[in-house]
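Values reported hereafter were calculated over all heavy atoms of this structure, with side chains retained and with hydrogens, waters and symmetry mates removed.
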Amino acid sequence: MTTFTTGAGTLTRDALAVLQPGFTGTTAPDWVRRRLAEGLVSVALFGRNVADPEQVTALTAALRAERDDLLVAIDEEAGDVTRLEVRTGSSFPGNHALGAVDDPALTRRVARELGRRLAACGVNLNWAPSADVNANPDNPVIGVRSFGRDPALVARHTAAYVEGLQSHGVAACTKHFPGHGDTSVDSHHALPQIDLDVTTLHERELRPFRAAIEAGTRAVMTAHIRVPVFDPDRPATLSPRILTGLLRDELGYDGLIVTDGMEMGAVAGTYGLEHGVVLAIAAGADAICVGGGLADEDTVLRLQDALVTAVRSGELPEERLADAAARVRSLAAWTTGMRHSPSAAGDPAPEIGLTAARRAVTVTRAAGPAPVTAPVYVATFSPAPNIAVGDETPWGVGAELERLLPGTATGHFTGPDAGTEALRAAGGRRVVAVVRDEHRHPWMGAALDTLIAAGPDTVVVEMGVPQSTPRGAVHITTHGAARVCGVAAAEAVLAG
């Protein structure tokens with residue numbers, strides 16, 4: 001027989017406190033306001049909630065009118081994964097570009113300016129940085145979201161990013177523990193498995209997380225991946241061995257543990273949403289990220305009831321739920337204290353993103369190519385976006401080249417006939433071919449073959465992970481597809 005030390009009201013408040021739900025719309029829904037009064041501590045913003053910074057500021061102010069110590073979370077990695085600038089592209093390059101420059105001071109300055117902008121909008125928890133080591137270049141979901149494939153490099157930039165972001169009172173949430181870099185499966189769709197030995201995991205995958213912990217990261221996000229050497233049965237998000245045994249006990253982490261999106265196929269498709277949430281809290285997670293796909297009051301109530309029922313049945317210890325809720329409230333209190341304290345983080349640096357993007361560009365020139373001085377045809381070869389990046393955010397160099405070279409035309413192509421279609425659309429004009437992870441898409445490589453064979457003066461811009469051999473009259477790598485990366489690439493095209 002289970003004996004409760006708290007009443008039903010406290011259980012309900014604790015169950016609400018561990019949820020980080022999303023919602024629809026650009027204003028605060030009535031149901032969210034009600035739940036904040038009943039114990040909800042966090043909300044999550046996605047691209048659908050963002051119109052512009054002024055609107056986000058008004059939205060977060062309206063929510064804080066209900067609860068001052070509110071955690072407002074966002075998935076703002078910058079680079080390819082942006083929510084604050086979802087409709088324009090990011091003003092900051094992503095991790096891979098920063099890793100390519102390999103100047104931790106620059107990474108810290110970029111993260112500091114990002115933190116300043118988030119804080120100005122009322123956002124105080126950022127589900128970033130990605131500390132995954134890009135050990136598998138064919139990884140379908142990490143790629144340019146990683147600082148690179150060298151664990152030491154990833155570790156020093158992860159630490160710098162955490163320090164910069166948190167200097168403005170925005171809590172960093174380092175992800176995806178214990179490391180999502182060596183996978184070939186996207187956990188949005190299925191459950192990846194990492195078959196590595198303990199030594200490799202500690203020396204490679206876990207090294208950046210140790211650096212983040214030493215840098216004081218306020219939160220860590222779990223990965224929906226199975227790591228058999230740590231736990232052969234459950235993915236990390238649902239594993240006591242990984243969350244409590246490894247992260248808490250072995251690595252000594254004492255901050256907030258946040259799950260990756262619980263409606264993702266790796267968990268919800270295997271365990272069911274409600275049962276998965278209960279298992280995650282029981283395993284040692286403190287906050288449940290949900291709302292990327294399920295963004296309604298019914299989902300919140302279902303998960304609240306599942307947690308309360310699990311405590312009453314004895315499946316979830318009451319003390320574990322209370323501890324999780326306390327950790328959420330503790331982080332909310334820290335961000336509130338930082339918000340009401342004078343910032344010592346330095347002056348705004350609005351151009352730091354473009355500066356970093358320019359430094360990340362690498363140019364390889366063939367012998368004697370003619371410089372680009374006349375209007376061109378920009379052929380962008382678009383792969384299917386993964387869910388983390390989404391398909392709302394524009395990318396490429398077309399818009400900037402249209403501005404710099406009036407008369408330039410653009411087109412987007414995909415599939416086995418992309419090269420032929422682009423060549424036909426170009427109509428004899430010089431082509432700037434824009435690709436993203438050419439090495440992962442054979443059709444993209446074939447398209448470049450077609451264009452370069454027909455026009456040896458073709459310029460190639462790679463905006464993903466540069467694994468393929470440079471080719472074309474000029475080959476430009478940006479290490480990411482943020483808006484500022486496109487600006488830097490267009491400048492390089494004209495300078496080439």
Side-chain angles (χ1 to χ4, degrees), residues 20 22 26 28 41-64 68-95 98 107-130 145 158 160-175 212 215-219 221 255-256 258 287 289 291 331-332 334-353 356 388 393 482-484:
Q20 292 188 344
T26 55
V41 182
S42 313
V43 295
L45 302 185
F46 296 88
R48 62 175 178 255
N49 305 120
V50 176
D52 53 53
E54 293 73 23
Q55 168 267 322
V56 176
T57 303
L59 169 60
T60 58
L63 291 167
R64 285 206 171 85
D68 186 60
D69 64 334
L70 175 69
L71 283 175
V72 179
I74 199 167
D75 194 8
E76 183 56 59
E77 298 177 20
D80 289 29
V81 179
T82 179
R83 309 302 179 223
L84 205 58
E85 298 182 276
V86 65
R87 290 168 180 81
T88 60
S90 181
S91 300
F92 305 94
N95 286 4
L98 295 172
T107 296
R108 191 175 293 105
R109 289 175 64 202
V110 168
R112 183 182 298 140
E113 176 61 16
L114 176 60
R116 185 190 68 81
R117 295 191 193 185
L118 290 172
C121 292
V123 176
N124 54 9
L125 172 59
N126 191 10
W127 294 326
S130 169
R145 301 167 67 196
T158 297
Y161 196 107
V162 167
E163 292 163 357
L165 193 65
Q166 294 187 167
S167 67
H168 275 288
V170 176
C173 184
T174 306
K175 61 188 183 185
T217 187
R218 293 283 167 170
M221 178 175 280
L256 191 75
V258 183
C289 170
L331 181 59
W334 176 80
T335 61
T336 301
M338 292 290 288
R339 181 160 51 90
H340 293 317
S341 298
S343 173
D347 295 327
E351 293 300 315
I352 189 63
T393 306
R483 178 178 56 81
V484 287

Separation of Trp127 CH2 from Gln20 CD (nearest 0.5 Å): 5.5 Å
Note, Ile74 side chain near Val56 side chain (heavy atom, < 4.5 Å): no
Arg109 and Glu113 ion-paired at < 4.0 Å: no
Nearest-0.5 Å distance that lies between atom CZ in Phe92 and atom CG in Leu84: 9.0 Å
Over all atoms of both residues, closest heavy-atom pair of Ala120 and Thr57: O-OG1, 3.6 Å
Partners meeting side-chain hydrogen bond (donor to acceptor under 3.5 Å, both in side chains) with Thr335 (sequence neighbours left out): Asn124
pair Pro93-Leu98: side-chain heavy atoms closer than 4.5 Å: yes
Under 3.5 Å side-chain donor-acceptor pair for Glu76 and Thr82: yes
Ser130 side chain to Glu77 side chain, donor-acceptor N/O pair below 3.5 angstrom: no
Student check: side-chain heavy atoms of Met221 and Val258 closer than 4.5 Å: yes
4.5 Å side-chain heavy-atom contact, Arg117 and Pro350: yes
Minimum side-chain heavy-atom gap Val50-Arg48 below 4.5 Å: no
Residue pair Thr174 / Pro129, side-chain heavy-atom distance below 4.5 Å: yes
Gln166 CD to Thr217 OG1 distance, which is reported to the nearest 0.5 Å: 5.5 Å
With Cys173, the side chain to side chain contact (heavy atoms under 4.5 Å, CB included) member among Leu256, Leu331, Leu125: Leu125
Leu165 vs Leu118 side-chain heavy atoms within contact, under 4.5 Å: yes
Gly353 to Val484 - nearest heavy-atom pair and separation: O-CG2, 4.0 Å
CA sep, side-chain torsions, deciding dist, call: Val72, Leu59, side-chain contact (heavy atoms from CB on, under 4.5 Å): CA-CA 10 Å; Val72 179; Leu59 169 60; over 6 Å; no
Phe46 vs Val86 side-chain heavy atoms within contact, under 4.5 Å: no
Ser91 to Arg483 - nearest heavy-atom pair and separation: OG-NH2, 2.8 Å
Approximate separation, where rounding is to 0.5 Å, of Thr60 OG1 and Asn49 CG: 11.5 Å
From Asn95 atom CG to Asp80 atom CG, the distance as rounded to the nearest 0.5 Å: 10.0 Å
Gap between atom CE of Met338 and atom CZ of Arg218 - 0.5 Å precision: 8.0 Å
Closest non-hydrogen atom pair between Thr393 and Gly89, with its separation: CG2-CA, 3.6 Å
